[in-house]
Peer 1: 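This is the structure, below, for whatever I ask next.
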Amino acid sequence: MIIVLRQGSTKEQQILLKAALEEKYNVTVNTWTGVESTVLGLIGDTVHIDEDWISAQEIVEKVRRVQEPYKKANRKFHPDNTVITLPGGQKIGDGSLCIMAGPCSVENEEQINYVAERVKNAGAGFLRGGAFKPRTSPYSFQGLKAEGLDLLKGARKATGLPIVTEIMSAAHIEMFESVDIIQVGARNMQNFDLLKQLGKTDKPILLKRGLANTIEEWIMSAEYIMAGGNDNVILCERGIRTFETATRNTLDLSAVPIVKKLSHLPVIVDPSHATGKAGLVEQMALAAVASGADGLMIEVHNDPRHALSDGAQSLTPDQFDSLTKKVFALKAAYDGIMNGEII
Ligand code: PEP
Ligand code: MN
């Protein structure tokens, strides 16, 4: 349930109403203060709430029931876009295009440092590399694990790029303490215990969409993290399973505007895992920008043909240079069109 307050209601009145609601109905009340209005979001069992009593309060403009099962992630509870700000000042969701790039797997020091330098020079704002790899086969390379994390930290030191890497188990949360953005992969999107534990941290969490999950299930997984107290969630569309076999997955780009309407969380797109083919990545990255995405995640490898994982979808650094030039140009044109400056 959301309560929109009248313009001009004072802080004291708001605090009194919040306290009365919490006591009377045993709900949690989130306050969102915008430029034009203040919204109270009620979380908990709201079935027995007396709407007439609330409407009768002096400072209440209107009361609305929220049908969606997600609350904290719901745009109705938080009309402004969420902007994630890292301690180093980097922002995601502020209208700029954030690019996370790097190899599927961290393989060795030379490789990660070289790729980090190249993606930085091409305009990426974040270095992404896998240290713990969720592989379909137990016989495939599983990642360098703790050593991979150390190599990522070394590359961060050398380039200044914040690091993004995937966590596979709640038991590793302490080990991820100095990771800048923790990725939850598609296969763990509904690992509810992991999501709950990440909700207790204050790290930005990059939550990939599950291989066969609906948009609502995906947002509900974000809600798990937020319900624990961590509002720093970034969603990542990475393609879903369909009957199509021409691509590794089917990139569901309509999910971007849909999620941005339903939720205030930033949404980025991963065309690498979505297509599985390096030759399709650039065009799908451009399409993602035109869909309104807040950023991209792209796999880049120094030598894709010999990559230990996902070589077929990895771009060379030169290909990535060409991609970033085009996506930044398209982003500038897209912003101009959307602001009415072009046309
Ligand atoms: C990855 O990002 O390398 C990865 C395994 O992605 P996903 O979880 O989307 O399959
Ligand atoms: Mn990969």
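Please read these numbers as outputs of a predicted model, since none were measured by experiment. When a ligand or atom number is given, it counts from 1 through the structure's own listing order.
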Peer 1: Which protein non-hydrogen atom lies closest to atom 4 (C) of ligand 1, naming both residue and atom, and how far is it?
Peer 2: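 Answer for atom 4 (C) of ligand 1: H273 NE2, 3.4 Å.
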Peer 1: Should K133 be listed as contacting ligand 1, given a heavy-atom distance under 4.0 Å as the test?
Peer 2: yes
Peer 1: Can you give me the NE2-the Mn ion (ligand 2)-SG angle for H273 and C104, to 10°?
Peer 2: 170°
Peer 1: Looking at W53, I'd like to know if the NZ or CZ of K24 sits under 6.0 Å from its six-membered ring centre while staying within 45 degrees of the ring's axis.
Peer 2: yes
Peer 1: What atoms of ligand 1 come closer than 4.0 angstrom to any heavy atom of E299?
Peer 2: 3 (O)
Peer 1: Strictly by side chain to side chain donor-acceptor pair (under 3.5 Å), give each pair with a member in residues 332-343 just once, sequence neighbours left out.
Peer 2: K331-D335
Peer 1: Under the side-chain hydrogen bond (donor to acceptor under 3.5 Å, both in side chains) test against D270, which residue among K208, R238, R209 passes?
Peer 2: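 The passing option is K208.
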Peer 1: Can you find an N or O of R238 that's nearer than 3.5 Å to an N or O of ligand 1?
Peer 2: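 Yes - when backbone and side-chain N and O of R238 are compared with those of ligand 1, one distance drops under 3.5 Å.
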Peer 1: E299: which N/O/S atom is nearest the Mn ion (ligand 2)?
Peer 2: OE2
Peer 1: Evaluate the side-chain proximity of V39 to I3: yes if any heavy-atom separation is below 4.5 Å, no if none is.
Peer 2: no
Peer 1: Is the distance from the ring center of Y25 to that of H48 below 6.0 Å?
Peer 2: no
Peer 1: Below 3.5 angstrom, do we get any N/O pair linking K208 and ligand 1?
Peer 2: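 Such a contact does occur with ligand 1.
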Peer 1: Within the 4.0 Å heavy-atom shell around G185, which atoms of ligand 1 are there?
Peer 2: 8 (O)
Peer 1: Heavy atoms only: which of A274, C104, A186, C236 is nearest to atom 8 (O) of ligand 1?
Peer 2: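 Heavy atom nearest to atom 8 (O) of ligand 1 belongs to A186.
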Peer 1: Less than 4.5 Å apart, side chain to side chain, heavy atoms only: is that true for L207 and S221?
Peer 2: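 Side-chain contact under 4.5 Å: yes.
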Peer 1: For atom 2 (O) of ligand 1, what's the nearest protein heavy atom and its distance?
Peer 2: R128 NH1, 2.4 Å
Peer 1: Would you mind naming the N, O or S atom of D310 nearest to the Mn ion (ligand 2)?
Peer 2: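 In D310, the N, O or S atom with the shortest distance to the Mn ion (ligand 2) is OD2.
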Peer 1: Which residue and atom name correspond to the protein heavy atom nearest atom 5 (C) of ligand 1, and how close is it?
Peer 2: E166 OE1, 3.8 Å
